[in-house]
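Below you'll find the structure, written out as structure tokens, and then a few comments.
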Amino acid sequence: MPRDDRRLTDRYPAVRAATEKLCESLAEEDCIVQSMPDVSPTKWHLAHVTWFFETFILRPYSSDYRQMDPRYEFLFNSYYEAVGQQYPRPRRGLLTRPSLREVYAYRAHVDEAMVELLRSDPGPSPDLPDLVELGIQHEQQHQELILMDIKHVYSSTPMFPVYRGRGEPRTDRVVPPLRWLEAPAGIRSVGYDGDGFCFDNERPRHDEYVAAFRLASRPATNGEFLAFLEDGGYDRSDLWLSDGWARSREEGWTEPLYWLRRGGEWFEFTLGGLVPLDLDAPVCHLSLYEADAFATWSGGRLPTEAEWESAALAVPIDGNFVEDGILHPRPPASGGRGGAGPVQMFGDVWEWTRSAYAPYPGFRPPAGAVGEYNGKFMCNQQVLRGGCCVTPRSHVRTTYRNFFYPHCRWQFAGVRLARDLD
Ligand SMILES: [Fe+2]
């Protein structure tokens, strides 16, 4: 991890300001709603990321730090058992107090102490830069969550509010034809081995054997997914994983989350409001189960993590990220015809893989409470790669492993097909 304290003195206030900027256009009412147990109110996110700095940095490393309210330790602890008990996640929408104003005051209180600590000379501990870096990366993760969650909150009212985004016309971008990129069999090195920051779950770098495969040059589009839907894809049990079929029946899935049919036309709810479905844009808000059924229907499969990462190695980390302000996946700018490699590996949509979220060989979570950050979730979830249109650009790496339960649909998740080479 970087050990440049001066950079942290700049980056800490920048990441905190970026979070608050995302919330500028929200009404107070927007910030307290929890539309489902997976969604957290914006107010809770704003407080929880602050709690993270308070708990893991200020309290252990700043001798004169005083908590603004000791009750926050319980209210805003997400899942850290080593820290103590947590307020139940599905009830976060009931937290009318502290008020939003008090949460912003809590942020200011912690920011003042953090800036003072980061400027102190000499630095209080050699561990501090790594922890601050982790706190910054954690806050970036919650920036994405704030947008995912507010989209779900807004989708829950027939008013279909507009957050912002989709500021450009749809007509200037046309989806390129899908090409199949062949990759030979071989040993691939997977995982992070650089000098910069990475999460513990990206290490250790290790070798994996990958059989020859084909990877789609781009993610699947709304138009392609619509063909699956119109072919009865949601009604054909033969296409679905057993758990997926059960979940689909139980929850009555008949289209991707946020798709809506009105008067024979398809629309989708976006952070820019309800808009006609763009058939050329990458399909989004799929569960793993829908992505897998679509892949089976297409005669393909989902790529593995190792396949995805080896294909992404030569691809620059560029694409449609939160800074672009579009806040929705879109077709590639150039039509993707210029190069021979894959397009849209980064940004637009997280891409489901067929790889279970499991520890890499030799993985050991760090000691202490921060060891609970990733390791304890390595069961029953599935890996997604590449970042999406609401991910901060500087947050993504080629080796980045996102993970969600297979039934989750509210994250910006799409699908890139793979095929065995026979
Ligand atoms: Fe968190």
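Atoms within each ligand, like the ligands themselves, are counted from 1 in listed order.
Counting only distances under 2.8 Å, and ignoring water, the protein N, O or S atoms around the Fe ion (ligand 1) are H48 NE2, H138 NE2, H142 NE2.
Here salt bridge (charged side-chain N to carboxylate O under 4.0 Å, His left out) pairs that include residues 345-367, with residues two or more places apart or in two chains, are E351-R416.
With a 6.0 Å cutoff to the six-membered ring centre and a 45° limit on the axis angle, R401 counts as a cation-pi contact of Y360.
With ring centers used as reference points, H48 lies under 6.0 Å from H138.
Salt bridge absent: E268 and R261 never bring a charged side-chain N and a carboxylate O closer than 4.0 Å.
When all heavy atoms of V283 and N222 are compared, the closest pair comes out as CA-OD1, 3.2 Å.
Aromatic ring pairs are classed by plane angle as parallel below 30°, tilted from 30° to 60° and perpendicular above 60°; the pair F76 and Y72 is perpendicular.
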